[in-house]
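One structure is given here, and the rest of the page talks about it.
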2 protein chains.
Amino acid sequence: MTQDLFDSLIAAQKTKTEKQKKIIEIAIKLFADKGFANTSTAEIAKLAKVSEGTIFKHYGTKDKLLLSIILPFVKDSLPTMATEVFSEVLTEDTKTFEQFLTGFLKNRIEFFDRNKEIFRVFVKEIIYKDELKKEIAPHFIKNISLQISRVVEEFKLRGELKDKPTDQVLIYLMTVCGSFFVSRFVLFENYSISNEEVENFFPFVMDGRRNPLSEVSS
Amino acid sequence: MTQDLFDSLIAAQKTKTEKQKKIIEIAIKLFADKGFANTSTAEIAKLAKVSEGTIFKHYGTKDKLLLSIILPFVKDSLPTMATEVFSEVLTEDTKTFEQFLTGFLKNRIEFFDRNKEIFRVFVKEIIYKDELKKEIAPHFIKNISLQISRVVEEFKLRGELKDKPTDQVLIYLMTVCGSFFVSRFVLFENYSISNEEVENFFPFVMDGRRNPLSEVSS
DNA sequence: CAAAAAAGTGAGTGATTACTCACTTTTAAC
DNA sequence: GTTAAAAGTGAGTAATCACTCACTTTTTTG
């Protein structure tokens, strides 16, 4: 996909009529619930109280309707994530790497919970669409990887983290974080995340072993 | 779904004609690649060099064809997993919890790599089908959760693991392991897993912090 | 307010879908 | 070797699919 199409899809979002908003709202619900392939445009039209023609007038094809849901989400959420990592999560109070990760998790849980349905659409469709993967990868690297890399290196310098290659650490961290979100928001859709679970996740994951020395002294 | 249907689908697998084997083989490939909803029975028939009638003669509906792929995989693989956890992974040489988890990861990577395509079908479809989730959950709990729980408790006794509730530890472990498999085998389909990555995963994940005391003494 | 542009409609279209059934071919049992 | 059962066929079917287009309604603009 060209950058032009990407931008035009974003731009199209700016001035939406009530009917368009309703189409998107219903499409998100249905795609999140039943999946893109199992949802017909006729069903979207019916539930959005709109004629099928209106959907195609605005979005051209069913595929472009999907993209006009997913792309703005990606384009908006990734830079926001990058900003918040530094401004809200990594403050003066963040002493340890675990504290940083727990803060990051809390911050993102709040975000993904607000955008739960779009996130579900995103995860369910990115599995199938190679184009979508390729489209999103550079945005992801640019906004997220770079920022987190810096944090990892910062904590390595502070002696908080073992001196493994940053790239590998990044893959490990994304694996662990990604799975937290996907399992809780997509796989177990009605699972409610307790504050305790969030607080304990990284302390256990990053440091689950009982410290032998502190054990001896207690 | 009833236990009867479950068993009958398993039993049907026992005596398969060449055509049936070919149907399953092609169906797995197509479902893994394009997804269940995006694959037509006509396409399966064509590639398997079989008439569409043959598919429906044996499997009745497209849905039952999917189930006759997924259910035997689940029913075979889960008990195998449970057995192997104890016989192959948890040997006398397994001193630490990290060693156990790394052994488990290695063992399962080998397994999922052999069954890569079925695993992809499984992951891609379980997201959509609530029935499938409910069907599989008890098998999962019976075969996996119980076994891993015992290992966790064993290592807690040995003083290797912090004394968090076993249930919560299990959820954390499954999150981390599951994501490893899903990200490597489903999301990044052509990602090749290096031995180094596997060896370093749990040592980093479970103990990523630089030990402050050993640092001082070095 | 008139003209142009944009938004919205819904019946209609050809392609594709999962599935059926009357039929033929192959296999197995005695 | 006959027969019955099982396996396999492929043309046919109704339903559904994404999408179109000639048209009406609403909004915007000068």
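Straight-line distance from the CD1 atom of I55(B) to the P atom of dA7(D): 15 Å, rounded to whole Å. Atom CG in L30(B) sits roughly 12 Å away from atom P in dT17(C) (whole-Å rounding). Between the CD atom of Q20(A) and the P atom of dA7(C) there is a distance of 7 Å, rounded to whole Å. The nearest whole Å value for the distance from the NZ atom in K19(A) to the C1' atom in dG10(C) is 12 Å. As a whole-Å value, the separation of K16(A) NZ from dA6(C) C1' is 18 Å. For the pair E18(B) CD and dT27(C) P, the interatomic distance rounds to 11 Å; values are reported in whole Å. What separates CG of N38(A) from C1' of dC17(D) is a distance of 13 Å, to the nearest Å. Following rounding to the nearest Å, Y59(A) (OH) and dG8(C) (P) show an atom-to-atom distance of 10 Å.
Identified under the salt bridge (Lys or Arg N to Asp or Glu O under 4.0 Å) test for residues 165-183 of chain B, with sequence neighbours left out: none. Listed by first and then second residue, the side chain to side chain donor-acceptor pair (under 3.5 Å) pairs that reach into residues 143-153 of chain B are E153(B)-T166(B), sequence neighbours excluded. Applying the side chain to side chain donor-acceptor pair (under 3.5 Å) test to every pair with at least one member in residues 117-128 of chain A, sequence neighbours left out, gives these pairs: E125(A)-Y128(B), Y128(A)-E125(B).
Taking every side-chain heavy atom of T17(B) into account, dG8(D) is the closest of dA18(C), dG8(D), dA18(D). Ranking dC19(D), dT17(C), dA7(C) by closeness to the S40(B) side chain, first place goes to dT17(C). Here the side chain of F56(A) is nearest to one of dC19(D), dG8(C), dA7(D), namely dC19(D).
For L146(A), the side chain to side chain contact (heavy atoms under 4.5 Å, CB included) criterion is met by no residue, not counting sequence neighbours. Shown here are the ring pair (Phe, Tyr, Trp, His ring centres under 6.0 Å) partners of F155(B), two or more places apart in sequence or in another chain: F97(B). With sequence neighbours excluded, the residues that form a side chain to side chain contact (heavy atoms under 4.5 Å, CB included) with T41(B) are E52(B), F56(B), K62(B). With sequence neighbours left out, the ring pair (Phe, Tyr, Trp, His ring centres under 6.0 Å) criterion links F180(A) to F201(A).
Distances shown here put a side-chain N or O of H58(B) below 4.0 Å from the OP1 or OP2 atom of dG8(D).
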Output a table of nitrogen or oxygen pairs between the protein and nucleotides 22-29 of chain D separated by less than 3.5 Å.
none

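For residues 42-54 of chain B, proximity to DNA chain C is found at E52(B), defined as any non-hydrogen atom under 4.0 angstrom from a strand atom.
Ring-plane geometry between F181(A) and F119(A) is classed as perpendicular, the angle between the planes exceeding 60 degrees on a 0 to 90 degree scale with a lower cut at 30.
For the pair R108(A) and F111(A), the distance from NZ or CZ to the six-membered ring centre is under 6.0 Å and the angle to the ring normal is within 45 degrees.
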